[in-house]
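One structure is given here, and the rest of the page talks about it.
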Amino acid sequence: MRATHVIGGLAPAEGGPSYSVPRLCAAMAERTEIALLSVAAEGERASDRRHDGYRDRRFGQDFARVPGLRKLRLSNDLRVALGSEARAGGAIHSHGLWLGAGLYAARAAHAAASPLIVSPRGMLSPVALSFSRIRKQVFWSLFQRRALAGAACLHATSDAECRDIRALGLTNPVAVIPNGIDLPQEGPRAMAPERTVLSLGRLHRKKGLSHLVRAWAGVERTFPEWRLRIAGPAEGGHDRELLSLVAELGLGRVSIEGPIYGDAKWAAYRDADVFVLPSLDENFGLTAAEALAAGTPVISSKGAPWAGLEREGCGWWVDPGEVSLTGALRTAIQLPREQLLSMGARGRAWMERDFAWEAIAAEMLAVYDWLARGGPSPPTVRLSSSIIGAKPAS
């Protein structure tokens with residue numbers, strides 16, 4: 001079954017979806033026809049090209065100079081193109097919420113009687129909904145709930161995200177399929193006397209970085225050969241808030257840095273002795289997977305679905321907050337370097353075994369095929385009690 005994917009934007013500052021959505025498209029394009037439609041980033045021109053085996057179409061944004069409307073990333077050209085794609089047949093797969101792209105996808109799929117799949121990408125969790133709460137409540141009431149309720153299937157990247165979906169009363173079938181991860185080439189690791197704890201990703205309040213800084217205050221003086229790096233694109237001035245907290249606590253070995261991309265990002269993962277994901281909430285937590293793929297053990301809060309860290313012997317899964325993070329940091333920092341390297345190797349093997357993109361793409365294509373042909377649902381699909389045995393809406 002051919003499929004058209006749509007997302008509001010693909011700039012690196014968008015976080016995990018800027019990698020996982022194109023990579024999913026590339027993996028599926030090896031087996032079927034795939035198109036990916038999005039709104040061009042600021043300063044980027046509209047374009048239509050082949051990329052990694054799929055058609056990559058980026059459309060200009062309307063009302064880009066109007067602050068309130070700019071946030072919705074409206075694009076009439078994208079709306080028209082989605083209508084044409086839907087009439088050509090196949091599935092429409094929308095990623096993310098609260099933007100014009102998702103509403104265009106829902107309307108196009110409904111008009112053409114095409115199956116609609118929606119990946120909320122973590123945007124329905126209680127923590128995510130608490131940010132810009134009033135705006136989201138209005139958008140939910142007017143547009144978003146109806147768009148989601150009409151989907152043939154929703155896609156969650158973890159059991160936790162599936163529970164968030166059900167908590168909102170949505171009874172659609174939910175396919176629970178994680179993101180995949182590419183393994184970088186193994187390279188030399190920094191073996192300098194200075195040791196590093198790394199946290200990399202968007203600098204947003206929901207990421208729990210203030211808890212990490214406060215936790216670091218509990219270990220910095222005891223372990224003077226260690227430093228903490230926090231790197232990523234800042235949102236809402238949170239980098240300045242973190243810098244103020246570092247100064248307030250009198251910390252001397254903490255750096256708050258800008259985003260790191262490409263080879264420099266993978267070098268940062270490899271050079272770190274430990275990676276920390278302190279988030280209050282994550283539907284997947286791509287940076288934890290990237291760190292493991294690079295061979296670095298991970299400390300993750302239970303705000304992210306990484307319980308397997310302890311089962312696989314490659315990290316720690318702890319309660320969110322300063323106290324738990326302090327304890328995990330103390331434990332990790334006191335381990336011999338050789339033991340941390342062994343944990344990282346087990347993490348890399350886990351990523352290779354269970355998170356290969358080829359297998360993830362096959363699971364998603366099985367969902368598309370089920371929506372087109374009916375019959376027994378794939379093992380990844382969870383049916384609510386009210387719709388067990390029913391044919392999904394199309």
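Counting non-hydrogen atoms of neighbouring residues, nucleotides and ligands closer than 6.0 angstrom, the CZ atom of Arg146 reaches no more than 12 such neighbours. Within 6.0 Å of the CD atom in Glu194, the count of heavy atoms belonging to other residues, nucleotides or ligands exceeds 12. Counted within 6.0 Å of CZ on Arg65, heavy atoms from surrounding residues, nucleotides or ligands total 12 or fewer; the atom is thus considered open. Within a 6.0 Å radius of CZ in Arg353, other residues, nucleotides and ligands contribute more than 12 heavy atoms. Environment of CZ in Phe63: sparse, with no more than 12 heavy atoms of neighbouring residues, nucleotides or ligands closer than 6.0 Å. In this structure, Lys71 places its NZ atom where only 12 or fewer heavy-atom neighbours from other residues, nucleotides or ligands lie under 6.0 Å away. For Glu358, the CD atom sits in a loose shell: 12 or fewer heavy atoms of surrounding residues, nucleotides or ligands are nearer than 6.0 Å. Heavy-atom neighbours of Ile134 CD1 from other residues, nucleotides or ligands within 6.0 Å: at or below the threshold of 12.
With rounding to the nearest 0.5 Å, the separation of CD1 in Ile260 from NZ in Lys265 is 10.0 Å. With rounding to the nearest 0.5 Å, the separation of CH2 in Trp350 from SG in Cys314 is 5.0 Å. Here Ile34 contributes atom CD1 and Cys25 contributes atom SG; the two are 6.0 Å apart, rounded to the nearest 0.5 Å. Interatomic distance, CG of Leu200 versus CD of Glu290, reported as 7.5 Å (0.5 Å rounding).
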Item to check | Step-by-step side-chain hydrogen bond (donor to acceptor under 3.5 Å, both in side chains) determination, Thr196 to Asp273 | outcome: CA-CA 5 Å; Thr196 302; Asp273 295 274; 4.8 Å; no
Checklist entry - Would Gln339 and Ser342 satisfy side chain to side chain contact (heavy atoms under 4.5 Å, CB included), going step by step from the backbone distance to the final call? => result CA-CA 5 Å; Gln339 189 169 342; Ser342 295; 5.6 Å; no
Next on the checklist: As a quick check of understanding, evaluate side chain to side chain contact (heavy atoms under 4.5 Å, CB included) for Val80 and Leu82, giving each step before the final call.
Outcome noted: CA-CA 5 Å; Val80 172; Leu82 267 170; over 6 Å; no
Checklist entry - Which is it for Phe139 and Gln137 under the side chain to side chain contact (heavy atoms under 4.5 Å, CB included) test, yes or no, and what are the steps along the way? => result CA-CA 5 Å; Phe139 201 93; Gln137 286 177 343; over 6 Å; no
Checklist entry - How far apart are the C-alpha atoms of Glu85 and Arg55, what are their side-chain angles, what is the distance that settles it, and do they pass the side chain to side chain contact (heavy atoms under 4.5 Å, CB included) test? => result CA-CA 12 Å; Glu85 292 281 351; Arg55 190 179 182 188; 4.2 Å; yes
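Using a 4.0 Å cut-off between charged nitrogen and carboxylate oxygen, Arg23 and Asp52 do not count as a salt-bridge pair. Glu42 and Arg70 are not joined by a salt bridge, as no carboxylate oxygen comes within less than 4.0 angstrom of a charged side-chain nitrogen. In this structure, Arg50 does not pair ionically with Asp56, as no charged nitrogen and carboxylate oxygen lie closer than 4.0 Å. Here Glu235 pairs with Arg202 in a salt bridge; the nearest charged N to carboxylate O distance falls below 4.0 Å.
In this structure the side chain of Leu277 reaches within 4.5 angstrom of the side chain of Thr287, judged on heavy atoms. Residues Lys207 and Leu280 are not in side-chain contact: their nearest non-hydrogen atoms beyond the backbone lie 4.5 Å or more apart. Residues Phe284 and Glu161 have side chains not in contact (no heavy-atom distance under 4.5 Å, counting atoms from C-beta outward). Side chains of Tyr368 and Ile117 form a contact here, defined as non-hydrogen atoms less than 4.5 Å apart. Proximity of Arg214 to Leu245: side-chain heavy atoms (C-beta onward) are separated by under 4.5 Å at one or more points. Counting heavy atoms from C-beta on, the side chains of Pro224 and Arg253 come closer than 4.5 Å. Leu124 has its side chain out of reach of Asn283: every pair of non-hydrogen atoms, C-beta onward, lies at least 4.5 Å apart. Using a 4.5 Å heavy-atom threshold, the side chains of Leu198 and Arg227 count as separate.
Checked against the 6.0 Å centroid criterion, the rings of Phe275 and Trp316 do not qualify as a close aromatic pair.
His93 and Thr4 form no side-chain donor-acceptor contact under 3.5 Å, judged by distance and modelled atom types alone. Side-chain contact check for His238 and Glu241: at least one donor-acceptor pair (N or O, by modelled atom type) lies under 3.5 Å. For Tyr19 and Asp182, the side-chain atoms include at least one donor-acceptor pair closer than 3.5 Å. A donor-acceptor contact under 3.5 angstrom links the side chains of Arg49 and His51, judged on distance only. Inspection of the Asn172 and Arg166 side chains reveals no N or O donor paired with an N or O acceptor under 3.5 Å. Between the side chains of Glu282 and Ser279, at least one donor N or O lies within less than 3.5 Å of an accepting N or O.
Ring geometry for His95 against His5 counts as parallel: the plane angle stays under 30°, on a 0 to 90° scale with 60° as the upper cut. Ring geometry for Trp140 against Trp98 counts as tilted: the plane angle lies between 30° and 60°, on a 0 to 90° scale.
Tyr104 places a side-chain N or O within donor-acceptor distance of the main-chain N or O of Ser75, the cut-off being under 3.5 Å. Checking side-chain atoms of Arg73 against main-chain N and O of Ala101 turns up no donor-acceptor pair under 3.5 Å. Judged by distance alone, with hydrogens and angles left aside, the side-chain atoms of Thr32 form a donor-acceptor pair with the main-chain N or O of Met1 at under 3.5 Å. Between the side chain of Asp62 and the backbone N or O of Asn76, at least one donor-acceptor pair lies under 3.5 Å. A donor-acceptor pair under 3.5 Å links the side-chain atoms of Ser18 to the main chain of Gly15, judged by distance alone. Judged purely by atom type and a 3.5 angstrom limit, Glu310 uses its side chain to pair as donor or acceptor with the backbone of Trp317. A donor-acceptor pair under 3.5 Å is absent between the side-chain atoms of Ser301 and the main chain of Asp319, judged by distance alone. In this structure, Thr296 contributes its side chain and Leu292 its backbone to no donor-acceptor pair below 3.5 Å. Of the possible donor and acceptor atoms, one in the side chain of Ser130 sits under 3.5 Å from a partner among the backbone N and O of Val127. In this structure, the side chain of Arg58 does not engage the main chain of Arg45 through any donor-acceptor pair within 3.5 Å.
Val213 and Trp226 fall within the same hydrophobic cluster, defined by Ile, Leu, Val, Met, Phe, Trp and Tyr side-chain heavy atoms under 4.5 Å apart, directly or through other members. No continuous path of hydrophobic side-chain contacts links Leu340 to Trp266 [ILVMFWY only; heavy atoms under 4.5 Å]. At a threshold of 4.5 Å between side-chain heavy atoms, the hydrophobic network of Ile, Leu, Val, Met, Phe, Trp and Tyr places Val323 and Val276 in two separate groups. Note: the hydrophobic cluster containing Leu99 does not contain Leu37 (ILVMFWY, side chain heavy atoms under 4.5 Å, direct or indirect links). Each of Leu325 and Leu309 belongs to its own hydrophobic cluster when Ile, Leu, Val, Met, Phe, Trp and Tyr are linked at side-chain heavy-atom distances under 4.5 angstrom.
What you find for Ser114 and Ala86 is that their closest heavy atoms are OG-O, 3.2 Å. A pairwise comparison of heavy atoms in Val39 and Gly8 identifies CB-O, 3.1 Å as the closest pair. When all heavy atoms of Ala217 and Leu251 are compared, the closest pair comes out as CA-CD2, 3.7 Å. Among all heavy-atom pairs drawn from Trp357 and Ala27, the shortest one is O-CB, 3.8 Å. Here the shortest heavy-atom pairing between Pro120 and Val118 reads CD-O, 3.4 Å. Taking each heavy atom of Ile181 and Ala289 in turn, the nearest pair found is CG1-O, 4.0 Å.
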